[in-house]
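Basis for what follows: all heavy atoms, side chains included, without hydrogens, waters or symmetry-related copies.
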Amino acid sequence: MIAKRIIPCLDVKEGKVVKGTNFVGLRELGDPVEMASNYSKVGADEIVFLDISATNEGRQTMVDIVRETAKNVFVPFTVGGGVRSIEDVNRLLQAGADKVGMNSAAVQNPSLISEASERFGAQCIVVAIDAKRVGDKWHVMTHGGTKDTRIDAIEWAKEVETKGAGEILLTSVDTDGVKNGFDHPLTEAVVAAVRIPVIASGGVGKPEHFPEVFNQTDVSAGLAASIFHENTFTIQEVKEACKQQGVTIREA
């Protein structure tokens, strides 16, 4: 059995970690380099940074943050937000990111996925999919979950795999920050549609939500923000809950 990964996510805006609910109502939580360093020490399997402001100034700040973080963490980390070109991908990898995530730009220009995958390797390219239920389907949302592209999220997941993405970071806009658990139907549908690893994101409120999604879907990793940032629960508590439910987990 491949061990499941537990991943804290740091949404960064103007150099600070922030968090909201359903992608809105942001509040400031702390310094990203300091928080990432701490997560690295206490058992995080990976770390994700998302520059949610995605302005030119924000992306430049993110490069500085990535460079500083690379000196202080000892687990893989993914950086996304505002990635629009091969140059952006290269800049973040050069700064020390292990993987680069893309979302809106990949939707607008799918060839960016294949170009980046061919140049840097599929293992470096993560496509983030923010999905929202519309009727009996899920639509791909872009621009921080505010713009409905009307693209079917399941079909888009299949396409990004064929374009060369090495991993999908799947966030449910409906459950984001709500803390009632992951969106199992969405997660299961995407996992069933692709062969590349999928990270489930959006909705964690307690440690038990991780083994629930691991046992009910074949998702590769679970990601959370609020419960870790607010010190509600620790990564070790999550891993212990997983082990108690028979989930193969990476030891710290």
Side-chain angles (χ1 to χ4, degrees), residues 5-40 44-69 72-73 75-84 88 92 95 97-106 126-132 140-147 167-179 182-183 199-205 209 221-233 235 238:
R5 293 168 288 151
I6 307 299
I7 305 175
C9 178
L10 289 78
D11 291 336
V12 181
K13 182 177 183 181
E14 296 169 359
K16 295 292 183 181
V17 176
V18 297
K19 189 67 184 109
T21 302
N22 304 125
F23 285 44
V24 296
L26 301 178
R27 59 193 187 281
E28 201 171 287
L29 295 174
D31 176 74
V33 176
E34 184 179 312
M35 291 173 73
S37 177
N38 180 61
Y39 287 138
S40 172
D45 297 311
E46 296 186 18
I47 293 167
V48 169
F49 279 0
L50 297 178
D51 175 9
I52 61 171
S53 53
T55 60
N56 287 329
E57 180 181 356
R59 282 196 297 280
Q60 188 60 51
T61 302
M62 182 60 85
V63 170
D64 295 338
I65 291 170
V66 170
R67 190 174 291 114
E68 191 62 28
T69 301
N72 290 280
V73 304
V75 296
F77 70 109
T78 300
V79 182
V83 174
R84 297 179 179 175
D88 289 335
L92 291 171
D98 296 286
K99 306 179 210 176
V100 174
M102 54 183 72
N103 185 343
S104 301
V126 179
V127 173
I129 300 177
D130 298 334
K132 184 177 179 64
V140 174
M141 307 293 289
T142 59
H143 299 79
T146 61
K147 183 179 178 182
E167 191 167 41
I168 290 171
L169 170 53
L170 177 67
T171 301
S172 169
V173 176
D174 300 303
T175 63
D176 176 69
V178 178
K179 301 185 180 181
F182 290 104
D183 189 330
I199 302 169
S201 168
V204 172
H209 288 149
L223 177 149
S226 301
I227 67 164
F228 296 141
H229 302 341
E230 296 165 359
N231 298 312
T232 311
F233 297 103
I235 291 170
V238 168

Inset, instruction - Check salt bridge (Lys or Arg N to Asp or Glu O under 4.0 Å) between E46 and all other residues, then give those that pass, not counting sequence neighbours. - result: R5, K99
Inset, instruction - Quick one: pull up CD1 in I235 and CD1 in I7 and give me the separation to the nearest 0.5 Å. - result: 10.0 Å
Legend entry - Nearest heavy-atom neighbours spanning G82 and D88: O-OD2, 3.5 Å
Inset, instruction - Measure the spacing between OG1 of T78 and CD of E167 and express it to the nearest 0.5 Å. - result: 6.5 Å
Inset, instruction - Would you please name every residue forming a ring-ring contact (aromatic ring centres under 6.0 Å, His included) with F182, sequence neighbours left out? - result: F210
Legend entry - Rounded distance (nearest 0.5 Å) linking atom CG of N231 with atom CG of N38: 8.0 Å
Legend entry - Any donor-acceptor pair under 3.5 Å from H229 side chain to C9 backbone: yes
Legend entry - Minimum-distance pair of heavy atoms, taken over all atoms of L10 and A36: CD2-N, 4.1 Å
Legend entry - Any K179 side-chain heavy atom under 4.5 Å of V204 side chain: no
Legend entry - Separation of F49 CZ from I65 CD1 (nearest 0.5 Å): 7.0 Å
Inset, instruction - Work out which heavy atom in V73 is nearest to a heavy atom in I47; give both atom names and the distance. - result: CG1-CD1, 4.3 Å
Legend entry - Nearest-0.5 Å distance that lies between atom OG1 in T171 and atom NZ in K132: 13.5 Å
Legend entry - Partner set under salt bridge (Lys or Arg N to Asp or Glu O under 4.0 Å) for D45, not counting sequence neighbours: K239
Legend entry - Shortest non-hydrogen separation from S172 to D183 and the atoms involved: OG-OD2, 3.0 Å
Inset, instruction - Check P32 against K16 and note the closest heavy-atom contact, atom names and distance. - result: CD-CA, 4.2 Å
Legend entry - Shortest non-hydrogen contact between I199 and G222, atoms and distance: CG2-C, 4.5 Å
Inset, instruction - To the nearest 0.5 angstrom, please state how far the CG atom of L92 sits from the CZ atom of R67. - result: 10.0 Å
Inset, instruction - Evaluate the side-chain proximity of V238 to F228: yes if any heavy-atom separation is below 4.5 Å, no if none is. - result: yes
Legend entry - Student check: side-chain heavy atoms of T232 and S226 closer than 4.5 Å: no
Inset, instruction - Would you check if the side chain of S104 reaches a backbone N or O of T142 as a donor-acceptor pair within less than 3.5 Å? - result: no
